[in-house]
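Inspection log for the structure reproduced underneath, given as structure tokens.
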Amino acid sequence: TVSAIAGIEPAAQHCPGVINLSFGSTQPNSQLQDAVLEAFHNGCLVVASAGNDGATGRPNFPGAYPHVLTVAATDQTDAVPSFSSEGPWVDIAAPGVNIVGAVPLSHDPSGYSAGLDGTSFSAPMVSAAAAWVWTVRPTLDVTQMFELIRRSARDIGPVGFDPLSGWG
């Protein structure tokens with residue numbers, strides 16, 4: 001958490017921008033929450049993974065903080081996998097099952113690993129999409145970007161918001 005705060009604070013001085021937080025804890029941290037709020041108030045979109053605790057109902061921080069765009073995982077059929085944390089803080093869902101990711105060469109000589117699962121892979125996809133939208137629409141403010149991402153999602157669960165996939 002200390003290193004995340006050390007990264008958020010300088011990034012928050014260069015808003016607008018997107019800050020991706022692909023980590024979480026079931027324990028809230030007031031300093032992390034303050035850093036996230038500062039970034040949001042400065043005009044940065046903070047995107048975080050929902051967590052991998054499934055239907056426990058336990059909030060995962062920083063994803064459960066207000067002003068964070070929180071991302072659950074989906075599989076290849078657009079279903080939310082059982083590991084993806086659910087709750088009223090989930091805003092949107094993105095692919096997070098069977099992901100190919102770059103890894104250190106010491107882990108795999110190809111530089112890639114396949115079959116990775118987790119909401120930590122879902123959040124960067126939404127972060128990248130938001131960054132791309134901001135390059136095309138640089139006049140949007142952070143609240144407009146937040147709502148654009150949520151409201152342009154394709155609904156995949158019950159009609160409207162649901163705690164598994166958010167808005168879609």
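For clarity, every value in this text was computed on a predicted model and none was experimentally measured.
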Between Val97 and Leu116, is there a side-chain heavy-atom distance shorter than 4.5 Å? no

Can you list every pair that meets ring pair (Phe, Tyr, Trp, His ring centres under 6.0 Å) and has a residue in residues 76-108, with sequence neighbours left out? none

Strictly by salt bridge (charged side-chain N to carboxylate O under 4.0 Å, His left out), give each pair with a member in residues 31-59 just once, sequence neighbours left out. Asp53-Arg58

Hey, could you give me each pair passing ring pair (Phe, Tyr, Trp, His ring centres under 6.0 Å) that has a residue in residues 20-40? Not counting sequence neighbours. Phe40-His67

Check the hydrophobic clustering (I, L, V, M, F, W, Y; side-chain heavy atoms under 4.5 Å; chains of links allowed) and say if Ile156 and Val71 are grouped together. no

All pairs passing salt bridge (charged side-chain N to carboxylate O under 4.0 Å, His left out) where residues 154-168 contributes a residue, at least two apart: Asp78-Arg154

Donor-acceptor under 3.5 Å (Gln144 side chain, Asp141 main chain): yes

Give the minimum heavy-atom separation between Ala12 and Cys44, together with the two atoms involved. CA-SG, 4.4 Å

Contacts of Ala131 that satisfy side-chain contact (heavy atoms from CB on, under 4.5 Å) - sequence neighbours left out: Val18

Stepwise, does the side-chain contact (heavy atoms from CB on, under 4.5 Å) test hold for Val133 with Leu148? CA-CA 9 Å; Val133 170; Leu148 176 72; 3.5 Å; yes

All pairs passing salt bridge (charged side-chain N to carboxylate O under 4.0 Å, His left out) where residues 7-16 contributes a residue, at least two apart: none

Could you pull out all residues at least two apart from Asn98 that satisfy side-chain hydrogen bond (donor to acceptor under 3.5 Å, both in side chains)? none

Among residues at least two apart in sequence or on other chains, which ones pass side-chain contact (heavy atoms from CB on, under 4.5 Å) with Pro88? none

Minimum heavy-atom separation for Ala50 and Ser85, please, with both atom names. O-CB, 3.4 Å

Does any N or O in the side chain of Ser49 come within less than 3.5 Å of the main-chain N or O of Ser22, such that one atom is a donor and the other an acceptor? no

Residue pairs meeting side chain to side chain donor-acceptor pair (under 3.5 Å), one or both in residues 110-128, sequence neighbours left out, come to Asn20-Ser127, Asn52-Thr119, Asp108-Ser110

With sequence neighbours left out, what residues match Asn42 under side-chain hydrogen bond (donor to acceptor under 3.5 Å, both in side chains)? none

Side-chain contact, heavy-atom cut-off 4.5 Å: Pro28 with Gln33? no

With a 4.5 Å heavy-atom cut-off, do Phe61 and Val68 have their side chains touching? no

Name all pairs fulfilling the ring pair (Phe, Tyr, Trp, His ring centres under 6.0 Å) condition that reach into residues 126-168, sequence neighbours left out, sorted by first residue then second. Phe161-Trp167

Minimal heavy-atom distance between Pro10 and Ala6, with the atoms involved, is CD-O, 2.9 Å

Is there side-chain contact between Ile19 and Val36, with heavy atoms separated by less than 4.5 Å? no

Where the side chain of Ser165 meets the backbone of Ala93, is there a donor-acceptor pair that is under 3.5 Å apart? no

Is there a continuous path of hydrophobic side-chain contacts, each under 4.5 Å between heavy atoms, that joins Val100 to Leu105? no

Which pairs with one or both residues in residues 11-28 pass salt bridge (charged side-chain N to carboxylate O under 4.0 Å, His left out), sequence neighbours excluded? none

Within the structure provided, determine whether Pro163 and Val90 are in side-chain contact (heavy-atom separation under 4.5 Å). no

